[in-house]
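Every value quoted in this text rests on a predicted model; they were computed, and no experiment measured them.
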Amino acid sequence: MALLNFKKKTESGTVVTPEVEAFLDGYSIEVMPRTAEKVEDFRDLLPQGTRVYIAHIEGTPIEDMVKTAARIAGEGYNVMPHFPARIIKDKATLENWIAMYQGEAGVKQALLLAGGVTTPHGDFDSSMQLLETGLFDKAGFTNLHVAGHPEGNKDIDPDGSTKNVDDALRWKNKFNETTDASMALATQFAFDAKPIIAWADGLKEAGIDLPIHIGIAGPAKLQTLIKFAIACGVGPSLKVLQKRAMDVTKLLLPYEPTDVIAELAAHKAANPDFNIEKVHFFPLGGIKTNAKWAIDNGGSSTKPVNG
């Protein structure tokens with residue numbers, strides 16, 4: 001006889017399942033300096049110890065990035081700033097960024113990625129080149145995350161294949177054997193659980209054992225998500241949004257990640273060795289909106305510090 005699946009309601013009336021509560025435990029979220037400024041106190045929104053990624057968009061002064069990191073760290077959160085290879089001029093600049101982050105915000109975690117610009121500003125073109133400098137290990141970083149792409153990336157593989165993405169993942173998996181830091185894949189967002197599950201299982205079969213922090217788009221207007229999805233090259237699961245857009249009863253309603261989270265959570269509960277370990281939210285409809293959805297759907301695991 002199957003075990004009873006006990007559910008409980010939050011104050012908002014949302015039914016929380018044990019599977020979703022467990023799956024959302026330890027989720028992370030992404031902010032930018034300008035979006036962080038709109039939040040009076042992150043402790044009103046996020047659980048204690050939440051990892052907060054700080055996205056570095058081209059043109060953002062490093063001083064603004066460090067100031068944001070220091071503010072959020074001061075409120076008790078683990079900050080993980082982006083290090084986009086293509087906007088970092090050279091090794092000396094990278095070393096200076098690391099020193100600034102550590103000196104002013106105590107940073108020991110980083111997300112390394114190529115970055116969203118086509119032409120490199122200097123010596124670096126990929127996250128692998130940043131790792132090869134050895135500067136993060138030298139500075140004692142405890143966590144180094146790199147990008148994952150459940151639906152491929154046409155900037156990296158213009159022919160529509162996944163060859164270059166796969167080659168890079170194998171390299172990063174090998175590098176994981178040499179670094180003292182804990183490594184993980186932080187992925188681009190997707191909207192359909194089935195391709196995500198197939199991709200994650202495929203990595204494991206290929207011998208890539210880096211834990212996965214799956215990217216999930218937070219609640220937002222449907223038009224906003226479709227715009228971001230096209231801009232970011234999200235592939236097969238974009239059909240989920242397009243199908244929703246054709247339903248006039250749902251067209252004006254905000255998208256919420258309830259279904260994709262529930263399906264992934266159920267799969268994780270049924271397959272404990274499934275290599276997706278955490279959820280990483282992209283708050284495309286706003287940080288407060290995303291945090292409220294998490295609070296309403298995550299039970300005790302998403303209760304904010306000041307909750």
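Annotation for Pro219 and Glu256: closest pair CB-CG, 4.1 Å, computed over non-hydrogen atoms. Val31 and Ile72 make their closest contact through CG2-CD1, 3.9 Å (heavy atoms, listed as atom of the first residue, atom of the second, distance). Summarising the geometry of Ala147 relative to Lys172, their closest heavy-atom pair is O-NZ, 3.8 Å, with the distance given to 0.1 Å. Here the closest non-hydrogen pair linking Phe23 and Ala265 is CB-CB, 3.6 Å. In plain terms, the two heavy atoms of Gly218 and Pro257 that are nearest each other are C-CD, 4.3 Å. In plain terms, the two heavy atoms of Gly148 and Pro150 that are nearest each other are O-CD, 3.7 Å.
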Inset, instruction - Starting from the C-alpha separation in whole Å, work towards a yes-or-no answer on side-chain contact (heavy atoms from CB on, under 4.5 Å) for Phe189 and Ile214. - result: CA-CA 7 Å; Phe189 56 83; Ile214 190 66; over 6 Å; no
Inset, instruction - Check the pair Val52 / Leu46 against side-chain contact (heavy atoms from CB on, under 4.5 Å), numbers first and verdict last. - result: CA-CA 9 Å; Val52 181; Leu46 304 179; 3.9 Å; yes
Inset, instruction - Using the side-chain contact (heavy atoms from CB on, under 4.5 Å) rule, take Thr60 and Met32 through it: C-alpha gap first, then chi angles, then the decisive distance, then the call. - result: CA-CA 9 Å; Thr60 305; Met32 294 180 286; over 6 Å; no
Inset, instruction - Verify ring-ring contact (aromatic ring centres under 6.0 Å, His included) between Phe83 and His56, making sure each step is shown before the conclusion. - result: CA-CA 7 Å; Phe83 283 80; His56 195 148; 8.3 Å; no
Inset, instruction - Let me see the working for Lys91 and Leu135 under side-chain contact (heavy atoms from CB on, under 4.5 Å), right down to the final yes or no. - result: CA-CA 9 Å; Lys91 187 175 179 180; Leu135 291 175; 3.7 Å; yes
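With contacts defined as side-chain heavy-atom distances shorter than 4.5 Å, the pair Ile197/Leu264 qualifies. Contact check for Val279 versus Ser28: no side-chain heavy atoms found under the 4.5 Å cut-off. Side chains of Val39 and Phe42 form a contact here, defined as non-hydrogen atoms less than 4.5 Å apart. Contact check for Lys268 versus Glu19: no side-chain heavy atoms found under the 4.5 Å cut-off. Gln188 is listed as a side-chain neighbour of Phe282, based on a closest heavy-atom distance under 4.5 Å. Counting heavy atoms from C-beta on, the side chains of Thr258 and Trp293 come closer than 4.5 Å. Between Lys303 and Ile295, the closest side-chain pair of non-hydrogen atoms is not below 4.5 Å. Contact of the Phe136 side chain with the Thr142 side chain is not registered, since no non-hydrogen atoms from C-beta on lie closer than 4.5 Å.
Hydrophobic clustering places Leu185 together with Met183 (ILVMFWY residues linked when any side-chain heavy atoms are closer than 4.5 Å, directly or through intermediates). Linking ILVMFWY residues whenever their side-chain heavy atoms come closer than 4.5 Å, directly or via other members, places Ile29 and Val305 in the same cluster. Hydrophobic clustering, with ILVMFWY side chains joined whenever heavy atoms are under 4.5 angstrom apart, groups Trp171 together with Leu130. Follow the hydrophobic side-chain contacts under 4.5 Å out from Ile287 and you never reach Met80; the two are in separate clusters. If you chain together hydrophobic residues whose side chains sit under 4.5 Å apart, Leu144 and Met128 fall into the same group.
Every residue was checked against the side chain to side chain donor-acceptor pair (under 3.5 Å) condition with Asn143, not counting sequence neighbours, and none meets it. Residues passing the salt bridge (Lys or Arg N to Asp or Glu O under 4.0 Å) test with Arg34, sequence neighbours excluded: none. Shown here are the ring pair (Phe, Tyr, Trp, His ring centres under 6.0 Å) partners of Tyr27, two or more places apart in sequence or in another chain: Phe281. Annotation: salt bridge (Lys or Arg N to Asp or Glu O under 4.0 Å) contacts of Lys89 (sequence neighbours excluded): none. In this structure Thr289 satisfies the side chain to side chain donor-acceptor pair (under 3.5 Å) test with no other residue, sequence neighbours excluded. Shown here are the side chain to side chain donor-acceptor pair (under 3.5 Å) partners of Asp123, two or more places apart in sequence or in another chain: there are none. Annotation: ring pair (Phe, Tyr, Trp, His ring centres under 6.0 Å) contacts of Tyr77 (sequence neighbours excluded): none. Contacts of Ser182 classified as side chain to side chain donor-acceptor pair (under 3.5 Å), with partners at least two apart in sequence or in another chain: none. With sequence neighbours excluded, the residues forming a salt bridge (Lys or Arg N to Asp or Glu O under 4.0 Å) with Glu75 are Arg71, listed by chain and number.
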Please report, to 0.1 Å, the donor-acceptor pairs under 3.5 Å made by any side chain of residues 95-112, with sequence neighbours excluded.
residue : atom : partner : partner atom : Å
Gln102  : NE2  : Val107  : O            : 3.1
Gln102  : NE2  : Ala139  : O            : 3.1
Gln109  : OE1  : Arg51   : NE           : 2.6
Gln109  : OE1  : Arg51   : NH2          : 2.9

Identify every side-chain donor-acceptor pair in residues 113-122 under 3.5 Å, counting partners at least two apart or on other chains, and give the distances.
residue : atom : partner : partner atom : Å
His121  : NE2  : Glu58   : OE2          : 2.9

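A donor-acceptor distance shorter than 3.5 angstrom exists from the side chain of Ser301 to the backbone of Glu21, with no hydrogens or angles considered. Panel note: side chain Lys204, backbone Asp273; a donor-acceptor pair is recorded below 3.5 Å. Checked by atom type and distance alone, the side chain of Asn275 pairs as donor or acceptor with a backbone atom of Ala200 at under 3.5 Å. Proximity of a side-chain donor or acceptor of Thr68 to a complementary backbone N or O of Asp64 within less than 3.5 Å is detected. Using modelled atom types, no side-chain atom of Asn173 and backbone atom of Leu169 make a donor-acceptor pair closer than 3.5 Å. Judged by distance alone, the side chain of Thr179 and the main-chain N or O of Asn176 form no donor-acceptor pair under 3.5 Å. Not a single donor-acceptor pair under 3.5 Å links the side chain of Asn271 to the backbone N or O of Phe274.
For residues 38-47, the set of pairs meeting the side-chain hydrogen bond (donor to acceptor under 3.5 Å, both in side chains) definition, not counting sequence neighbours, comprises Asp41-Arg43, Asp44-Asn306.
Classification of Arg170 and Asp166 as a salt-bridged pair fails, no side-chain N sitting under 4.0 Å from a carboxylate O.
A donor-acceptor pair shorter than 3.5 Å cannot be found between the side chains of Thr187 and Trp199.
The six-membered or imidazole ring of His280 lies near that of Tyr53, with a centre-to-centre distance under 6.0 Å.
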